[in-house]
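Below, each value reflects all heavy atoms present in this structure, side chains not excepted, and no hydrogens, waters or symmetry copies. Throughout, protein chains are lettered first and strands after them, A, B, ... in sequence-line order, and every chain is numbered starting at 1.
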Number of protein chains: 2
Amino acid sequence: MTDREKAQYEAKARVLKALAHPTRLWMVERLAEREHCVCELFEAVDADFSTVSKHLSVLRQAGIVDVEKRGKQMFYRLKVPCVLQFMGCIEAVLLDNAEVQCRAAGLTPVGDIALQARLNPGEIS
Amino acid sequence: MTDREKAQYEAKARVLKALAHPTRLWMVERLAEREHCVCELFEAVDADFSTVSKHLSVLRQAGIVDVEKRGKQMFYRLKVPCVLQFMGCIEAVLLDNAEVQCRAAGLTPVGDIALQARLNPGEIS
DNA sequence: CTTACATTTGGTTATTTAGCCAAATGAGCA
DNA sequence: TGCTCATTTGGCTAAATAACCAAATGTAAG
């Protein structure tokens with residue numbers, strides 16, 4: 001692998017890493033619907049204000065979101081809508097994992113139970 | 001956000017995190033072409049054998065790749081081809097970033113130079 | 001120009017991750 | 001059975017990440 005190729009994989013990984021956090025993933029979905037100021041996101045997130053701000057900064061540096069200052073507020077919006085396409089695939093991965101887990105446990109995965117099994121193993125009634 | 005939703009975002013983030021490493025990203029693309037044993041991937045990667053094995057283990061635990069033991073070797077293959085769709089979008093993000101950087105630097109981004117600018121800032125001739 | 005508000009930045013700490021080495025496992029072969 | 005090869009696991013250290021708090025910045029309003 002050339003240095004050039006290596007740098008490309010590193011750059012791609014950096015973008016994915018920016019998305020690879022539950023709070024940031026949630027934010028991306030919110031920002032896909034419409035722009036939000038930091039304060040709005042803060043209210044829904046249950047974390048320090050500075051934490052929320054830093055998450056947005058990570059997304060911005062990765063080039064995933066855009067920001068515009070208006071008055072006292074900073075308005076963030078999703079810059080690259082195609083990242084939303086990831087969600088469907090990821091859900092498919094999780095569902096598939098759930099089925100594997102269920103099969104291993106001797107359960108019949110039906111509908112939502114499967115996802116629950118993957119997300120909260122041990123909580124299946 | 002309910003506990004349930006929170007757990008879902010955490011699960012999704014876990015999958016993305018598994019992909020968010022240059023070596024693992026490279027491996028995923030190789031495994032998309034055809035199955036490979038650990039030794040084949042090792043030869044191309046320039047890292048310890050155990051490091052390669054651990055990367056594959058991360059991908060397996062995320063449910064992204066599958067493994068089958070045949071004889072002495074372990075053969076890994078891509079289990080969820082849809083993750084390949086991510087690549088196009090990520091490249092679009094990088095290209096877009098490059099253009100922003102170039103505009104900021106007063107350059108005209110033409111073709112490949114744009115990507116180079118993003119990947120190796122400061123190396124533009 | 002002082003205050004209040006929205007957000008970012010810097011500092012600190014705890015946790016997670018990546019890498020290497022050495023040792024353990026497990027399958028096939030002598 | 002004992003050897004060898006392919007791979008995984010455990011232990012360790014260095015580096016990266018996430019969270020909080022406190023302090024700094026920048027903007028608008030009084």
Contacts under 3.5 angstrom, residues 36-46 of chain A side chains, donor-acceptor by atom type, not counting sequence neighbours:
unit_1: A:H36; atom_1: ND1; unit_2: A:R34; atom_2: NH1; d: 3.4
unit_1: A:H36; atom_1: ND1; unit_2: A:E40; atom_2: OE1; d: 3.2
unit_1: A:E40; atom_1: OE1; unit_2: A:C37; atom_2: N; d: 3.0

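- Between B:M27 and B:T23 there is a side-chain heavy-atom pair separated by less than 4.5 Å.
- DNA chain C is contacted by both A:Y76 and B:H55; A:Y76 maps to the nucleotide lying nearer its 5′ end (nearest heavy atom per residue).
- Of all the heavy atoms in A:V80 and A:G63, the pair that sits closest is CG2-O, 3.3 Å.
- As a whole-Å value, the separation of B:E40 CD from D:dT7 C1' is 14 Å.
- Between B:H21 and B:H55 the shortest side-chain heavy-atom distance falls below 4.5 Å.
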Would you tabulate the pairs of protein nitrogen or oxygen atoms and nucleotide nitrogen or oxygen atoms of nucleotides 9-15 of chain C closer than 3.5 angstrom?
unit_1: C:dG10; atom_1: O6; unit_2: A:K54; atom_2: NZ; d: 2.8
unit_1: C:dG11; atom_1: O6; unit_2: A:K54; atom_2: NZ; d: 2.9

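- Here the side chain of A:H21 is nearest to one of C:dA6, D:dA18, D:dT7, namely D:dA18.
- Here the C1' atom of nucleotide D:dA18 and the NZ atom of A:K17 are 13 Å apart, to the nearest Å.
- The nearest whole Å value for the distance from the CD atom in A:Q61 to the P atom in D:dA18 is 12 Å.
- Between the P atom of C:dA23 and the CZ atom of B:F49 lies a distance of 18 Å, rounded to the nearest Å.
- Residues passing the ring-ring contact (aromatic ring centres under 6.0 Å, His included) test with A:F86 are B:F86, sequence neighbours excluded.
- With rounding to whole Å, B:L59 atom CG is found 14 Å from C:dA18 atom C1'.
- At least one side-chain heavy atom of B:E68 sits less than 4.5 Å from a side-chain heavy atom of B:R77.
- Partners of B:A92 according to the side-chain contact (heavy atoms from CB on, under 4.5 Å) rule, which considers only residues two or more places apart in sequence or in another chain, do not exist here.
- Looking at heavy-atom distances under 4.0 Å, B:F75 makes no contact with the nucleic acid at all.
- A donor-acceptor contact shorter than 3.5 Å links the side chain of B:R24 to the backbone of B:A18.
- At least one side-chain heavy atom of B:R70 sits less than 4.5 Å from a side-chain heavy atom of B:E35.
- B:F42 places its CZ atom 11 Å from the P atom of D:dA6, with the value rounded to the nearest Å.
- In this structure, A:M27 atom CE and D:dA18 atom P are separated by 12 Å, rounded to whole Å.
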Where along nucleotides 25-30 of chain D does protein come under 4.0 Å, by heavy atom, of base (B) or sugar-phosphate alone (S), with - for untouched nucleotides? -SBS--
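- Residues B:K79 and A:V93 are not in side-chain contact: their nearest non-hydrogen atoms beyond the backbone lie 4.5 Å or more apart.
- Using a 4.0 Å cutoff on non-hydrogen atoms, no part of residues 31-39 of chain B comes near DNA chain C.
- A:E43 places its CD atom 10 Å from the P atom of C:dT7, with the value rounded to the nearest Å.
- For the pair A:I64/A:L31, no side-chain contact is recorded, criterion being any heavy-atom separation below 4.5 Å from C-beta on.
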